Amino acid sequence: MGNQMGIRLNGDDDDYESSDNELGFNVINFTVNAMDMELRTDYCAHELPVIRSKPDLAKFQGTDMYKEIQASSGVVSNPDDRWSLVRALQQRENGIASPHSSSFSKNQQRYISNQYIPNRKTTRLMSLDSKVFVTKFNRTGSKLLTACQDGFVRIYDGAKGTYHLLNRIRARDVEWSIIDADFSPNGQHFAYSTWSRSFFIMPVNGGEDDCQWVDVNGLPNHRLAIFSLRYSPLGDKIIGGSNDAMVLVTDIRTRTTQILRTHRTPGTDVNSVCYVHDKDPNVIIAGCDDGLLKVYDLRTSFRSRELSKSVASFIGHYDGVTYIDSRNDGYHVLSNSKDQSIKLWDMRQPSNLRNRSRARQRQMDLTVWDYRWNRVPREFYNPHKALEGDTSIMTFRGHRVSKTLLRAKFSPQEQTGQRFIYTGCATGRIIIYDVLTGKIKEAIEGHRNVIRDLDWHPERSEIVSGSWDTHVHLNTYSRSNANPPFKRAHSSDLDKRPLRRSRRLANRNVTPD
């Protein structure tokens with residue numbers, strides 16, 4: 001996460017811890033983070049990357065996921081059949097808007113709600129002392145958790161949108177930062193991970209002395225980092241993605257840990273882990289730093305110490321996976337990657353690993369860079385063709401992934417019908433994609449540094465974002481920031497004809513309401 005630098009001093013300074021090298025220079029050893037060296041200018045002056053090709057919907061439009069999102073978000077399949085609020089109100093008043101209901105149907109409600117998704121920064125909720133790494137709601141949205149590089153976990157009230165501080169807890173063994181955190185299914189506890197060999201578990205209303213930890217045993221004495229963690233749907237286990245090609249599966253009650261090895265040789269980090277469905281505590285998916293996604297069944301995957309057997313693998317990313325989010329239907333997941341793309345996957349369509357050797361060579365040609373401080377290769381934004389063996393059903397491009405493991409997620413099902421995918425961006429923007437078109441719906445400015453994590457409230461049209469600029473923002477809808485309405489694609493021949501003199505005079509006297 002940093003570089004070692006040596007600085008030649010012209011004089012002595014007792015305030016620094018220094019040592020003499022072979023050349024006789026006085027050298028200071030310290031860690032420099034590339035982000036700390038950037039000038040404090042208007043970060044949103046960095047433009048979004050230019051994507052020349054249009055989103056390819058040919059494969060995605062034939063999937064059941066596309067049709068389900070269309071239906072659940074109230075989008076009609078025929079674009080000429082425009083939704084009318086007046087007609088919907090008439091149907092509601094006549095009792096035919098929704099069967100057995102006097103109100104709009106769920107799909108109609110989502111359609112209306114999707115016209116008012118967040119599009120601007122509303123307010124700065126908090127200004128902290130260090131970079132914000134985690135921003136997450138619990139399942140009901142009643143609590144908001146933020147984890148910061150200053151070593152504190154903060155719990156806020158999210159029930160009514162006031163976001164006042166409920167608890168501030170000092171974390172343990174924070175060598176560099178709190179890397180990830182997750183609420184338990186019942187919302188009473190949370191777990192967090194740091195650059196250490198332990199999972200830490202704490203009650204939401206507790207204090208530092210209430211902390212419990214589970215050490216990862218059976219590993220050689222090397223530095224361990226847990227980049228991603230998740231509670232199991234039953235709340236009895238915690239899974240974590242770690243360095244050296246490991247997925248850690250910890251039983252909270254017995255405090256035992258089993259290890260899944262994603263690769264035969266160490267060195268490939270597991271950047272993200274996720275359960276495929278909230279009702280299935282056995283199937284997980286891991287996103288690796290070589291671009292692979294691997295699915296494991298926890299009932300059968302611990303039979304080998306050298307390499308754990310995966311149920312399925314997915315090829316398609318040119319570079320490492322930074323985050324995975326499940327649609328929670330048991331079939332579809334999305335992955336964000338350092339190759340500057342978000343991909344949708346159908347787990348019923350795994351990749352053929354016979355293409356892995358040729359795909360790996362193609363990756364080697366493009367990935368000679370360090371995403372933490374190097375410029376993104378131009379080939380990532382506009383690749384000439386898909387990676388051989390790519391089985392993804394849709395690809396989204398337009399955001400920038402660099403400096404840290406950025407996260408991308410589905411919008412809430414109950415509120416939006418999962419019509420959108422939203423992600424942080426290295427330009428300091430929140431990027432919201434329309435799943436059905438593949439295009440950017442909103443690009444919300446406000447942060448002055450990379451947005452590592454963000455979360456959409458499960459019941460309200462609000463996105464809370466945490467950035468390395470040390471701020472946490474609340475983002476909502478504003479009519480003044482709304483995109484102007486598109487002109488109707490089909491107009492009558494009468495509208496296209498030039499106006500006669502009498503009609504022009506009549507229109508002059510018409511005043512807007």
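Computed from a prediction, not measured in an experiment: that's the story for all the values here.
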Before giving the answer on side-chain contact (heavy atoms from CB on, under 4.5 Å), spell out for Y116 and R479 the whole-Å C-alpha distance, their side-chain angles and the decisive distance to 0.1 Å. CA-CA 8 Å; Y116 306 98; R479 186 175 297 276; 4.2 Å; yes
[X] and [Y]: side chain donor to acceptor below 3.5 Å:
X    : Y    : result
S341 : D339 : yes
T63  : D346 : no
K294 : S313 : no

Can you name the closest pair of heavy atoms from [X] and [Y] and give their distance?
X    : Y    : result
I69  : Q418 : CD1-O, 3.6 Å
T395 : K343 : OG1-NZ, 2.8 Å
S465 : I451 : CB-CG2, 4.1 Å
P233 : P281 : CD-CA, 3.9 Å
V401 : T404 : CG1-O, 4.5 Å
A408 : Y323 : O-CD2, 3.2 Å

Non-hydrogen side-chain atoms of [X] and [Y] separated by less than 4.5 Å:
X    : Y    : answer
P412 : E459 : no
D453 : F133 : no
S232 : Y275 : yes
R110 : E414 : yes
F410 : T416 : no
R253 : D236 : no
H471 : V132 : no
I112 : N114 : no

With rounding to the nearest 0.5 angstrom, report the [atom1] to [atom2] distance, [X] to [Y].
X    : Y    : atom1 : atom2 : result
D434 : I440 : CG    : CD1   : 11.5 Å
I226 : F199 : CD1   : CZ    : 4.0 Å
D129 : S127 : CG    : OG    : 9.5 Å
D182 : I201 : CG    : CD1   : 11.0 Å
I432 : W456 : CD1   : CH2   : 5.0 Å
F420 : I463 : CZ    : CD1   : 10.0 Å

Kindly say whether [Y] contributes a backbone atom to a donor-acceptor pair with the side chain of [X] at under 3.5 angstrom?
X    : Y    : result
S177 : I179 : no
D210 : M202 : no
D278 : N328 : no
T322 : L406 : yes
N107 : A71  : yes
Q415 : H457 : yes
S242 : A225 : yes
S228 : S272 : no
T427 : L48  : no
S392 : G316 : no

Report the C-alpha separation of R348 and D64 in whole Å, then their side-chain angles, then the decisive distance to 0.1 Å, and conclude whether the salt bridge (Lys or Arg N to Asp or Glu O under 4.0 Å) test is met. CA-CA 12 Å; R348 295 164 292 187; D64 54 353; 3.1 Å; yes
Flag if over 12 foreign heavy atoms under 6.0 Å of CZ, R139: yes
Neighbour count above 12 (heavy atom, 6.0 Å) for F152 CZ: yes
Test: [X] and [Y] ion pair at under 4.0 Å:
X    : Y    : answer
R124 : D469 : no
D150 : R154 : yes
R407 : D180 : yes
K409 : D455 : yes

Check against side-chain contact (heavy atoms from CB on, under 4.5 Å), H317 and L293: CA-CA 9 Å; H317 283 300; L293 280 77; 4.1 Å; yes
Could you give me the CA-CA distance, side-chain angles and deciding distance for R52 and Y381, then say whether side chain to side chain donor-acceptor pair (under 3.5 Å) is met? CA-CA 9 Å; R52 300 189 188 96; Y381 294 129; over 6 Å; no
Walk me through it: do V283 and H277 pass the test side-chain contact (heavy atoms from CB on, under 4.5 Å)? CA-CA 8 Å; V283 181; H277 199 287; over 6 Å; no
Test side-chain contact (heavy atoms from CB on, under 4.5 Å) on R448 and S467; report intermediate values, then the result. CA-CA 8 Å; R448 298 174 62 86; S467 169; over 6 Å; no
Pair Y156 + Y163: ring centers closer than 6.0 Å: no
I'd like to know whether the aromatic ring centres of W345 and Y331 sit less than 6.0 Å apart in this structure. no
Parallel, tilted or perpendicular: ring planes of H447 versus H473, cut at 30 and 60 degrees: parallel
